[in-house]
Amino acid sequence: MRAVIPAAGLATRFLPATKAVPKELLPVVDRPVLQYIVEEAASAGITDVLLITGRGKTSIVDHFDRQPYLESKLEDKGDAKRLEAVRHPSELVEIFTCRQHEPLGLGHAVGCAESHVGNEPFAVLLGDEFMDEGSPLLPSMLDLQARTGGIVLAFVEVAPEEVSRYGVAAVEPAEEGLRDLGEVVKVTKLIEKPSPDEAPSNLIVVGRYVLPGTVFEAIRRTKPGSGGEIQLTDAMGLMLDEGTPVYGIVYRGVRYDTGMPLGYLQAVVQLAAQRPDVGPAFRQWLAGFVASSDGAAGG
Ligand code: UTP
């Protein structure tokens with residue numbers, strides 16, 4: 001099974017930090033966001049990852065390459081722990097890359113993967129969405145795709161007023177035989193960035209997908225939609241209308257959108273608090289900081 005990680009967007013919600021540094025490389029404690037995502041793919045049994053990159057994103061690929069000079073220096077010093085940390089990203093999966101020449105949308109970015117992926121089902125993981133390692137979703141999604149043969153999405157529930165920033169689904173209960181895989185629903189309609197009035201539910205599509213190879217042909221037929229971009233949701237909507245089964249699993253674990261400052265900060269704080277090394281001292285400091293700044297924040 002292959003995975004595609006689109007990482008060619010302009011990351012305007014995180015400017016100016018992302019002017020020269022790709023948002024996928026912003027560190028959560030001491031690892032770039034993207035490393036967690038590649039680790040998630042590797043844990044789900046994926047061995048081949050295609051990164052869709054763009055201008056100014058070459059450093060993303062460097063992170064997953066070997067660094068012989070640095071490695072030999074750490075070896076000379078006998079620093080086995082840091083040596084392992086430096087080598088680990090290059091050992092997770094086999095990394096391939098492809099350039100999206102212009103950021104024409106997520107659908108267009110996924111379309112760039114066609115020659116690498118061929119006609120096989122594949123996973124798509126967005127490079128700026130962080131999901132809790134403790135409750136992985138991807139293995140159940142891969143299983144669901146193998147059983148249904150169509151598109152498999154991941155949903156989270158949001159407050160009704162938040163739907164207009166996302167792809168939203170109308171759903172009905174899935175067949176009994178699929179429910180062992182979690183909160184599985186069958187999708188009847190997909191709408192990209194609806195107004196709260198036209199949204200069919202408050203289930204938003206989040207950044208994990210398992211798609212059949214037929215998606216490439218649908219992307220080619222998809223016209224620019226919301227924001228003038230070729231939207232993956234629109235291509236999937238086309239397939240749904242033409243009879244491709246579309247299922248989703250409602251995710252109840254922790255998920256952060258690290259593509260904007262608030263989500264990023266939440267991910268950093270959660271991960272730092274859970275880390276066995278820095279966690280105890282960080283939690284103690286954080287509790288004190290919150291207690292002492294409560295009055296100031298209230299004022
Ligand atoms: P986003 O909607 O987060 O867009 O894309 P963005 O450009 O990265 O960020 P903002 O909204 O301007 O802040 C979702 C994912 O799709 C990728 C992005 O890199 C991100 O991982 N993407 C988006 C592409 O690879 N190419 C595109 O043309 C658009």
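Just follow the structure's listing: the first ligand is 1, and inside any ligand the first atom is 1.
- Taking each heavy atom of Q100 and A109 in turn, the nearest pair found is NE2-N, 3.4 Å.
- In terms of polar-atom proximity, A109 is not counted as a contact of ligand 1, lacking any N or O under 3.5 Å from an N or O of the ligand.
- Atom 5 (O) of ligand 1 is not flagged as protein-proximal [any protein heavy atom, distance under 4.0 Å].
- What sits closest to atom 25 (O) of ligand 1 on the protein, heavy atoms only, is A8 N, 2.8 Å.
- Residue nearest to atom 29 (C) of ligand 1, selected from P103, G105, P6: G105 (by heavy-atom distance).
- Put simply, the residue from I37, L92, L34, V93 that forms a side chain to side chain contact (heavy atoms under 4.5 Å, CB included) with V49 is V93.
- Exactly one of V246, V185, L153 qualifies for a side chain to side chain contact (heavy atoms under 4.5 Å, CB included) with V171. That residue is V185.
- Of the protein's non-hydrogen atoms, L106 CD1, 3.4 Å is the one closest to atom 16 (O) of ligand 1.
- Of the polar atoms of E102, none of the N or O atoms is found under 3.5 Å from an N or O of ligand 1, judged by distance alone.
- Ligand 1 has a nitrogen or oxygen under 3.5 angstrom from a nitrogen or oxygen of R13.
- Salt bridge annotation for E71-R87: present, with a cationic side-chain nitrogen under 4.0 angstrom from a carboxylate oxygen.
- Nearest non-hydrogen protein atom to atom 7 (O) of ligand 1 is L10 N, 2.9 Å.
- Under a 4.0 Å criterion applied to the non-hydrogen atoms of K23, ligand 1 contributes the atoms 3 (O), 6 (P), 8 (O), 9 (O).
- Contact detail for P103 and A8: the closest heavy-atom pair is CB-O, 3.8 Å.
- Geometrically, ligand 1 and L126 share no nitrogen or oxygen pair separated by less than 3.5 Å.
- A distance of 4.0 Å separates CD of E39 from NE2 of H88, quoted to the nearest 0.5 Å.
- Considering both main-chain and side-chain atoms, I52 never comes within under 3.5 Å of ligand 1 through any nitrogen or oxygen pair.
- Checked by distance only, ligand 1 and G9 come closer than 3.5 Å through their nitrogen or oxygen atoms.
- Considering backbone and side-chain N/O of K57, none are found under 3.5 Å from N/O of ligand 1.
- Each of L25 and L126 belongs to its own hydrophobic cluster when Ile, Leu, Val, Met, Phe, Trp and Tyr are linked at side-chain heavy-atom distances under 4.5 angstrom.
- Close contacts of ligand 1 with A7, meaning ligand atoms under 4.0 Å from a residue heavy atom, involve 19 (O), 25 (O).
- We find that E84 and K81 are not joined by a salt bridge, their nearest charged nitrogen and carboxylate oxygen being 4.0 Å or further apart.
- In terms of protein heavy-atom proximity, atom 12 (O) of ligand 1 is closest to T12 OG1, 2.5 Å.
- Looking at heavy atoms from C-beta onward, M236 lies out of side-chain contact with T222 at the 4.5 angstrom threshold.
- In this structure, Q100 counts as a contact residue of ligand 1, since one of its heavy atoms falls inside 4.0 Å of the ligand.
- Using bins of under 30°, 30° to 60° and over 60° for the plane-to-plane angle, the ring pair F122/F216 lands in the parallel bin.
- Remark: ligand 1 atoms within the under-4.0 Å shell around heavy atoms of E24 are 19 (O).
- Here the closest heavy-atom approach between residue S226 and residue E192 is recorded as CB-CG, 4.0 Å.
- Against a heavy-atom cut-off of under 4.0 Å, L104 is close to the following atoms of ligand 1: 28 (O).
- Shown in contact with G127 at under 4.0 Å from a heavy atom are these atoms of ligand 1, numbered in order with element: 21 (O).
- Note on E175 versus R147: no salt bridge recorded, every NZ/NE/NH1/NH2 to OD/OE distance being 4.0 Å or above.
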